[in-house]
Structure formats: structure tokens, C-alpha cells
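Down below is the structure, laid out as C-alpha cells.
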Protein chains: 2
Amino acid sequence: MTLTLQDAPVVAPESVLDQLRAAVGARNVVTGASELAPRLVEDRGLFRGTASAEIRPGTTEEVAACLRICTSAGVPVVPQGGNTGLVGGGVPYGGVILTTGRLNQVRDIDPINATMTVEAGCILAQVQAEADRIGKLFPLSLASEGSCQIGGNLATNAGGTAVLRYGNTRDLVLGLEVALPDGQILRDLNGLRKNNTGYDLKNLFIGAEGTLGVITAAVIKLFPKTVSRATALVACGGPHHALALYDRLRTRHGDILSTFEYLERLGLEMSLAHSPGTSDPMAQAYPAYALVELATSDSEADIGPRLEAVLADALEAEEILDAVIGASESQRDALWAMRENMSEAQKSYGASIKHDVAVPVAQVADFLTEAVAAVRAHVPNLRPCPFGHFGDGNIHFNLTRPVDMSDADFLGEYDALNRIVHDIVVKMGGSFSAEHGVGLAKRGELRRYRDPVALQLMQQIKDALDPHGLMNPGKVL
Amino acid sequence: MTLTLQDAPVVAPESVLDQLRAAVGARNVVTGASELAPRLVEDRGLFRGTASAEIRPGTTEEVAACLRICTSAGVPVVPQGGNTGLVGGGVPYGGVILTTGRLNQVRDIDPINATMTVEAGCILAQVQAEADRIGKLFPLSLASEGSCQIGGNLATNAGGTAVLRYGNTRDLVLGLEVALPDGQILRDLNGLRKNNTGYDLKNLFIGAEGTLGVITAAVIKLFPKTVSRATALVACGGPHHALALYDRLRTRHGDILSTFEYLERLGLEMSLAHSPGTSDPMAQAYPAYALVELATSDSEADIGPRLEAVLADALEAEEILDAVIGASESQRDALWAMRENMSEAQKSYGASIKHDVAVPVAQVADFLTEAVAAVRAHVPNLRPCPFGHFGDGNIHFNLTRPVDMSDADFLGEYDALNRIVHDIVVKMGGSFSAEHGVGLAKRGELRRYRDPVALQLMQQIKDALDPHGLMNPGKVL
């Protein structure tokens with residue numbers, strides 16, 4: 001997909017590039033085609049754009065200076081972190097790309113306040129490791145954590161596997177520093193748990209996908225490190241049974257329930273086939289599985305037996321059919337791998353059409369039932385591989401092409417299947433983008449499904465904060 | 001304190017009142033002086049205003065119609081819930097008061113999604129009771145819960161005693177319905193745990209104190225009901241010891257730590273003297289006390305012994321000097337009462353000057369030490385009664401007049417003491433309003449202490465959403 005707006009992409013004049021060179025140093029303004037190339041396309045090659053240069057500021061002040069220069073000259077700016085986004089939000093349409101990789105300092109760690117002040121370009125895995133080093137946990141965790149940057153996580157309000165226990169990225173942030181389109185800097189790096197002094201600006205920039213300014217640093221929350229965990233793969237008859245199990249676990253162990261992920265038989269088989277040396281830990285095949293985990297910072301909480309007890313109750317209530325508890329760290333890792341390898345494993349089965357949707361948790365089983373039936377009615381023999389963050393109501397509703405259909409023919413059904421799935425989601429009060437954002441890929445869906453009054457408010461805010469429309473143009477709105 | 005703006009207060013013309021009568025029914029437009037009187041002044045009599053009428057819409061559509069009528073006529077609107085705010089945010093300056101008391105329906109309860117859809121006028125205690133009725137917990141809890149309305153809690157992002165475990169009010173909200181100044185309605189009553197579809201409008205209205213629109217309904221989060229709790233009053237040598245205890249409890253029992261409140265000896269004595277039949281549960285007097293509680297939804301978690309064990313460790317480490325564990329429900333209630341009666345008890349000791357401040361938790365002990373010394377240097381013999389939400393870094397830094405000073409003389413030091421305290425708070429990276437908001441009382445502090453760029457952004461948002469400045473004028477900005 002190529003980004004196409006009404007106007008032709010803006011080419012940054014050489015005079016502007018010279019000003020940018022003066023601001024950040026000549027070697028931090030990259031214009032060579034081969035160096036620029038990886039910044040113009042996202043990982044999977046789905047979205048491509050053009051840009052005159054990549055600008056690599058090294059400080060917040062340099063970011064602000066770049067924005068001032070570009071705004072004065074009418075040159076669009078596309079902020080980019082690790083370029084791992086899945087909706088084309090970092091793909092440029094002319095102008096310049098501003099990358100945050102050189103803003104990679106951990107400015108402060110406060111163990112007692114349980115906070116860390118990080119610059120936008122810190123790799124997520126690095127942030128996790130820094131927290132771990134002082135005996136704390138930064139819970140945000142997602143597939144691209146080895147290369148994504150915290151600034152991108154903030155700009156997209158990233159989700160992942162720890163939302164059930166710790167919330168979305170926005171819930172992990174206390175303070176923010178933002179370079180604004182006009183070159184001013186919002187300095188609000190507070191580490192406060194309570195602060196009712198005016199409008200909540202922080203949450204406006206978090207999740208705005210770089211369309212209102214560039215997040216340059218943040219104060220993030222740390223948590224007590226998990227020292228004890230109990231993990232089980234649980235087999236059940238289908239999503240409605242999984243929902244009953246979820247409700248049971250949350251009601252009794254809501255304090256320490258850290259994971260409730262879901263996958264179905266086909267997904268498990270794909271995952272096993274993809275990973276040599278792995279095997280089904282259960283003696284027979286079941287329709288659906290939940291990966292559940294209890295975790296605590298109390299080394300004496302003895303949670304293994306507590307997990308066994310609640311699963312025994314669920315077995316007796318006929319909510320579940322079988323369960324395997326990971327007795328060692330390596331067994332736990334093996335159970336997690338079945339879930340984590342799913343997305344990668346799916347690739348070898350041919351083209352797939354994916355949806356990142358959420359419904360109220362109470363509707364998640366109904367959604368799975370209705371949506372599977374509906375897409376099967378449209379493309380007989382397609383292979384649904386739904387999986388994901390069941391406890392958040394967030395399903396990656398992935399569809400693999402039928403065995404006997406070409407990739408191209410299947411991908412021809414992209415829009416039709418999107419419409420079927422998203423219509424069901426929205427009918428159930430759900431979201432067509434649970435954690436990946438809007439970017440370029442879902443702008444049309446935003447216009448179709450969101451309340452027009454909400455869209456109007458967003459546009460008013462965009463116009464107020466970025467009156468010339470130069471921040472990541474063509475994304476979100 | 002009387003609200004005074006540059007312009008004279010607007011008197012709503014009779015023609016506008018007639019339009020409002022047509023919109024909400026004649027008996028829901030109250031103009032009689034005696035009926036109107038309690039709406040013009042806040043509880044303690046500190047803030048007084050004027051208004052032409054109280055309008056009592058009964059539906060969201062009626063709220064919207066009232067706003068459309070008033071905006072067209074240039075008549076200011078001051079939204080008011082239970083009128084329990086502490087910073088004059090609901091005090092009118094001309095125009096009309098729009099009260100939400102008739103919007104008092106619980107529209108929906110979903111036990112599996114763990115959400116409730118409530119209208120703005122629901123009393124907080126009623127919301128708590130509805131949640132309890134289906135075996136859930138709505139954790140927001142504060143002194144005025146018997147009369148404050150959830151809409152006001154949302155508009156002010158209320159704090160209270162459960163923030164440590166469950167977050168501020170904004171963290172308890174999933175979806176929102178808002179009547180906008182121009183009479184449009186933002187309908188976003190979603191019950192989703194994840195939803196990345198554009199800017200976060202919800203958090204803009206939460207905490208805006210009615211200056212951007214009127215929140216008419218919300219989807220709020222429910223939690224598993226607490227079925228087991230262990231409560232202790234712990235004595236220690238001062239705030240630094242309390243901080244060490246807090247860190248120990250959070251590190252080990254962060255999952256189930258639900259309370260860490262603080263008070264000092266003078267406060268405890270006031271509280272005991274205020275409540276006949278109560279007595280100091282410890283054999284001797286200590287400088288400072290923490291009220292701590294572990295709570296869980298797991299009836300078999302056996303948390304009493306776990307609390308005893310961690311307190312024994314703290315005693316051995318000489319962080320604490322004594323502890324009393326509430327063995328029965330009535331003993332627990334008695335320990336809580338010592339903390340909860342403090343504010344009321346203080347009244348009989350003469351005039352007091354109060355501060356609702358927050359610092360990073362790591363600074364809270366330093367703040368108490370430095371601020372007490374500073375205010376004592378300014379008014380020798382004043383009696384500091386700091387107490388509050390220590391675990392959130394939020395201290396109600398209350399100062400009672402010296403025994404031998406008149407109320408009037410002491411209150412003459414109001415501004416000077418505010419300045420001393422707030423300067424220390426802000427130097428430590430703190431907030432001059434942790435949970436009470438800005439309203440009328442702290443507008444000056446907002447201008448003095450907040451980053452000018454933040455103020456400018458707030459004003460841009462205000463101008464974009466309420467271009468005629470008719471929503472609760474003179475508050476916040």
C-alpha cells in the first residue's frame with residue numbers, strides 16, 4: 001500500500017536541509033538513497049513512501065529546532081522510532097523523517113519512587129533490562145521489543161501481553177516531554193501518582209501517532225519484580241468455556257492473574273510444526289487453549305498450588321478438558337513459545353488477512369463464534385487462526401487462505417473480509433484497532449466507524465496544535 | 001472567597017430562561033432565591049457566586065439542548081454535581097447552573113465485562129452499592145461519597161483512599177458520553193480494555209472540571225470484590241521510617257497492598273479526642289503512624305499471617321516501633337476511624353490552612369521534614385497536622401493555628417504559608433493540587449507554577465472546544 005494524499009509529496013528544499021544540517025550536524029542529515037531506503041518502507045513491505053532525508057537529532061532541543069525549521073518552511077515531518085509499527089504510521093509522504101534513535105539515554109532511575117526517565121529512542125528491551133537491574137519490572141512486553149523504541153510505544157499506546165495486569169502503555173506513564181510543531185518544548189517530566197493541575201495533556205500525545213508533536217522523553221512506572229509464577233496451558237471446548245474459566249480466574253485471583261492468552265487447535269498445530277523439537281504437551285487434540293499465568297512479587301505466596309486448585313475446580317465444573325502446568329522454567333518457556341510463535345508460524349501456510357480487534361470481554365466468545373461463521377460463509381475453507389489477548393477482549397483475528405486458493409485470489413478478498421469482521425466487531429461495541437493504532441492502514445475504518453462528533457473533536461485538536469498539518473500528515477485523521 | 005472576573009456576571013435574559021423551560025420543563029428551571037441559595041455557595045462557605053437559575057435536565061439530550069440554548073445566547077453555564085468540591089470549581093459567576101442530579105440512572109451492569117454504565121448524577125455510594133450487589137467492587141472511595149456524584153468525580157478526576165491500588169478516577173473509566181458546548185453529544189460509551197482508534201478524548205474531559213463540556217454518563221470498571229483483608233496501625237519514628245516500611249510492603253506485597261495512609265501524633269490525638277469511646281490502641285505515644293492494609297479477592301490467601309510476617313521483619317529492621325493488627329471487623333473499623341476522623345476532628349482546634357500536595361513518593365519524607373520546619377519558622381507554634389495518602393506521595397498538609405493566636409491573625413498568613421509550602425513542593429517536582437483540582441482557588445497557583453507551554457496548550461484546547469468561553473468560566477484557566 002502506498003500513501004497517496006491529495007497533494008504531491010513535498011520535497012524538502014536544499015536550503016531547509018542546510019538549516020537542518022546546522023541544527024543537528026551534517027552527518028545526522030541522511031540523504032543517500034541506500035541509507036534512506038529502509039526508512040521508507042515498513043518491515044513487511046506493505047507500506048512504502050518517499051522522503052528527502054532522515055534527520056537524526058541527538059537531544060530534545062535538536063528535535064525542537066528541527067520542527068521549528070520544518071514548520072517555518074512548510075516541510076512535513078514524519079517521526080519514526082524502531083519502524084516496527086503494523087499500520088504504516090511511520091511511513092513518510094514527502095518531507096523528512098525524524099528518527100529518535102540517538103535520543104537513547106536513561107536519564108534517571110528512582111527505585112523508591114519506582115520510576116525511570118527514558119528518552120524516546122531507548123529500545124524497549126533495554127528499558128526492561130534497566131528496570132530488572134534494580135530489581136524492578138517494566139511490564140510492557142511485545143513481539144518487537146528487541147528493536148522497537150519506547151517513544152514509538154508511547155506514540156502508538158502499544159498493547160502486548162501484559163495489559164491484563166498492568167494496563168496499556170498510557171497507563172504506564174506519569175510524565176512526558178514533547179517537542180511541539182512550532183519548536184516549543186512541553187516539559188512535564190513529573191513522577192507523580194496524583195496531579196490534578198489542569199487538562200491531561202499527556203494522554204493527548206500518547207496514542208496520537210506523532211501527529212501532534214514528537215514525544216522525546218517520558219517518566220514511566222516500574223513495578224515490583226515478579227519472583228514467583230505459575231503457568232498452565234489449559235484445553236477447553238471452545239471460546240465460551242474459555243470465557244467461563246477467565247471469569248473464574250479473575251474473580252478469585254484477579255490480584256495476581258497476569259496472563260490469559262487464547263489460541264485454537266489450528267494455531268497450536270502451526271506453532272508446533274514451526275518449532276522443531278516441540279510437541280503437543282497433551283495426549284489428545286482439543287478445540288481451544290488458554291495460556292494462563294499467576295505471578296507475584298511475594299516469594300512465599302506459593303501460587304503453584306493455588307493455580308492447581310482453581311483449575312481443578314474448573315475441571316469439575318466442566319469448563320476445561322485438560323491442563324498442563326509448567327513445572328520448571330524451561331517448561332514454562334515451552335508453553336509460552338506455543339503462543340508466541342503463532343504469528344511467525346502462520347507465515348508458511350500462505351497469505352493471511354489479519355484483524356486486530358477488541359470487543360467487551362463479555363462478548364469475546366460470541367464474537368469468535370459469529371465472526372468465524374461469517375468469514376467461512378464468504379470464503380469457504382479459509383483457515384481461521386484467531387489468537388491473542390482474550391482477557392483484554394483483544395483478538396488477533398487472523399485468517400489463512402484456503403489450501404487450494406492462490407495468495408493473490410485470497411488477498412483479493414481483503415476489503416470484503418475486513419468489512420465482515422469489523423462490522424461484527426462494531427455491532428458488538430468493539431474496536432477495529434485494539435492495539436496497533438490507525439496510521440495509514442485504518443484511516444478509512446476510522447472515518448467509517450467512529451462517531452462523527454469524536455472525529456470532529458480530533459480534527460479540532462489537530463488544527464489547534466498543528467495548524468499547518470505538518471506532523472505526520474495523512475496518518476490517523 | 002468570591003469569584004471576580006474582569007466582566008460583570010451575565011444575567012440570563014428571561015427569554016433564555018423560557019427556552020430552557022421549554023427544553024427541560026418549567027419546574028426544572030429554578031429561580032427562587034431560597035431554592036437557589038445552596039447552589040451558590042460551597043459547603044464550607046468559602047466560595048460564593050451568583051446565578052440566574054438552576055437548570056435540572058433529566059436526559060443527556062436535555063443537557064445538550066440547554067448547552068445549545070445558552071451558547072447561542074452567550075449565557076455561561078456552570079455544571080454542578082453534589083457540590084462537594086473543595087476548590088470552588090462549581091461556584092457560578094452569573095449565567096446558569098446546570099445540575100446533574102436528575103441524570104441518576106445506572107444504565108447497564110455487565111458482570112462478565114466487569115463494567116457499569118452510570119449517569120453523571122448517580123451518587124458515588126449508590127454506584128459502590130450497585131457494584132457490591134453483583135459481587136463486584138467499584139473502588140473509588142472518598143469522604144463525601146454519600147453525597148458527591150460520579151459526574152463530579154469524573155470532572156475533577158477525584159482521588160481518595162483507593163488510588164494506591166486502583167488508580168485515580170480517570171483510571172477507572174473506559175467510555176464517556178459528553179454534551180459539548182455547541183449542543184452536540186460525544187457518544188463514546190465503550191466498555192473496551194483496548195482501543196487505539198484516534199486521540200484519547202476521554203482523558204481530556206476527565207479532570208477538566210466542566211470547562212470543556214458536561215460529562216453525562218460513563219462506563220466504569222469494576223473489580224473482584226475484596227473478601228479478605230488484614231489491617232494494621234503501625235507506629236514509627238517519623239516519615240523516613242514510614243517510607244522504608246512502605247517500600248518493604250510494596251516490594252513484597254505490591255499485588256495486594258491496598259492502603260498506606262499516614263498521620264502523626266497530634267492528628268491521632270485530635271482524632272481520638274473527637275470520637276468519644278475511642279482510645280489509643282498502643283501503650284505509649286509515638287511520633288508517626290501508618291495505617292496499612294492488604295486486601296484480596298482470594299478467600300484462601302490467608303493474608304493475616306503474611307501481614308504479621310512482614311511487620312515482624314520491619315520491627316526487626318527497626319523501621320517500626322509498634323503495630324496493632326485489627327483482628328475483627330470492628331477493630332479494623334476502629335483503626336480506619338482514627339484516620340478518617342482526622343479532618344473533621346481538626347475543626348475544633350481553631351482555624352486551619354490546608355494544602356493538598358503531592359511529591360514523588362521518594363521525596364515524601366523529605367517534604368514533610370522540610371515543610372514542617374519551614375512553616376514553623378514562619379509561624380512559631382503553629383500545629384502541623386499532615387496526613388493522607390503517603391503511598392501516593394499525596395499529603396494533606398494541614399496546619400492548625402497556634403493555641404495562642406486568633407483565627408483571623410492565623411488566616412492572615414494564608415498566602416504566605418501557601419507560598420512556602422508550594423515552593424517546596426514544586427522544588428521537589430511535586431504538585432500543588434494532588435486530588436482536589438484547580439477550580440477557582442488554585443488558578444493563581446496554576447499560572448505561577450505550571451510550564452507556560454503547558455498552559456498555552458490548555459488554552460488552545462479550551463479555545464478550540466469552547467470558543468466562546470461559556471463553560472464554567474473563570475475556572476482552571
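Letters A, B, ... mirror the listed sequences (proteins, then strands); counts begin at 1.
- With a threshold of 4.5 angstrom between heavy atoms, A/Tyr449 does not approach chain B through any atom at all.
- Atom-to-atom distance recorded for A/Leu257:CG and B/Asp298:CG is 12.0 Å, nearest 0.5 angstrom.
- Ranked by non-hydrogen atom pairs under 4.5 Å with chain B, the options A/Lys442, A/Gln460, A/His253, A/Arg250 are led by A/Arg250.
- Across A/Asp463, A/Thr115, A/Ile185, the residue that shares the most heavy-atom pairs under 4.5 angstrom with chain B is A/Ile185.
- Of the listed residues B/Asp392, B/Leu465, B/Val438, the one with more heavy-atom pairs under 4.5 angstrom with chain A than any other is B/Asp392.
- If you measure heavy-atom distances from B/Leu243 to chain A, the contacts under 4.5 Å come from the side chain alone.
- Among the candidates A/Asp451, A/Thr197, A/Ile256, A/Leu186, the residue making the largest number of heavy-atom pairs closer than 4.5 Å to chain B is A/Thr197.
- Contact of A/Ala295 with chain B is made through the backbone alone, with heavy-atom distances under 4.5 Å.
- Of the two parts of B/Leu164, neither the backbone nor the side chain holds a non-hydrogen atom closer than 4.5 Å to a non-hydrogen atom of chain A.
- With a threshold of 4.5 angstrom between heavy atoms, A/Asn195 approaches chain B through its backbone and through its side chain.
- Neither the backbone nor the side chain of B/Phe223 comes within less than 4.5 Å of any heavy atom in chain A.
- Considering only heavy atoms from C-beta on, B/Tyr199 stays 4.5 Å or farther from A/Leu457 through its side chain.
- Residue contact with chain B, scored on non-hydrogen atoms closer than 4.5 Å, involves the side chain of A/Asp171 exclusively.
- When heavy atoms are compared at a cutoff of 4.5 Å, B/Asp255 approaches chain A by way of both its backbone and its side chain.
- Chosen from A/Thr211, A/Asn190, A/Leu174, A/Val178, the residue pairing most often with chain B at heavy-atom distances under 4.5 Å is A/Thr211.
- The part of B/Asp110 that comes within reach of chain A is its side chain, from C-beta onward, which places non-hydrogen atoms under 4.5 angstrom from that chain.
- Each of B/Gly437, B/Gly135, B/Ser299, B/Ala114 has some count of heavy-atom pairs under 4.5 Å with chain A, and the biggest count is that of B/Gly437.
- With a 4.5 Å cut-off on non-hydrogen atoms, B/Arg450 touches chain A through its side chain but not through its backbone.
- Between A/Ile461 and B/Leu201, the closest side-chain pair of non-hydrogen atoms falls below 4.5 Å.
- Using a 4.5 Å cut-off on side-chain heavy atoms (C-beta onward), B/Ser297 and A/Arg252 make no contact.
- A pairwise comparison of heavy atoms in B/Gly198 and A/Val476 identifies CA-CG1, 4.0 Å as the closest pair.
- The minimum heavy-atom distance between B/Pro224 and A/Gly254, with the atom names listed, is CG-CA, 4.3 Å.
- Between chain A and the residues B/Gly207, B/Ala464, B/Pro360, the most heavy-atom pairs under 4.5 angstrom are made by B/Pro360.
- Note that CG of A/Asn113 and CG of B/Asp247 are 10.5 Å apart. Values are rounded to the nearest 0.5 Å.
- Most heavy-atom pairs under 4.5 Å with chain A: of the set B/Asn196, B/Asn157, B/Leu477, this distinction falls to B/Asn196.
- For A/Pro452, no part lies under 4.5 angstrom from a heavy atom of chain B.
- Between B/Asn203 and A/Leu204 the shortest side-chain heavy-atom distance does not fall below 4.5 Å.
- When heavy atoms are compared at a cutoff of 4.5 Å, A/Lys136 approaches chain B solely by way of its side chain, counted from C-beta outward.
- Contact count against chain A (heavy-atom pairs under 4.5 Å) is highest for B/Leu212 among B/Leu446, B/Leu212, B/Val310.
- Using a 4.5 Å cut-off between heavy atoms, A/Glu445 makes no contact with chain B at all.
- Only the side chain of A/Leu192 comes within contact range of chain B, with heavy atoms under 4.5 Å apart.
- Contact of A/Leu189 with chain B is not made at all, since no heavy-atom distance falls under 4.5 Å.
- Results of the side chain to side chain contact (heavy atoms under 4.5 Å, CB included) test with A/Arg193 over B/Val359, B/Val361, B/Asn168 single out B/Val361 as the only residue that passes.
- Only the backbone of A/Thr156 comes within less than 4.5 Å of a heavy atom in chain B; its side chain stays farther off.
- Contact check for A/Leu180 versus B/Val453: side-chain heavy atoms found under the 4.5 Å cut-off.
- Counting heavy atoms from C-beta outward, A/Gln184 and B/Gln456 have side chains that approach closer than 4.5 Å.
- A 4.5 Å side-chain heavy-atom check between B/Glu300 and A/Arg306 finds every atom pair outside the cut-off.
- Of the residues considered (A/Ala358, A/Ala434, A/Ala454), A/Ala434 shows the highest number of contacts with chain B, using heavy-atom pairs under 4.5 Å.
- What you find for A/Lys194 and B/Gly159 is that their closest heavy atoms are CE-CA, 4.3 Å.
- For a residue to count as touching a neighbouring chain, one of its non-hydrogen atoms must lie under 4.5 Å from one of that chain's; by this rule B/Asn394 touches chain A with the side chain only.
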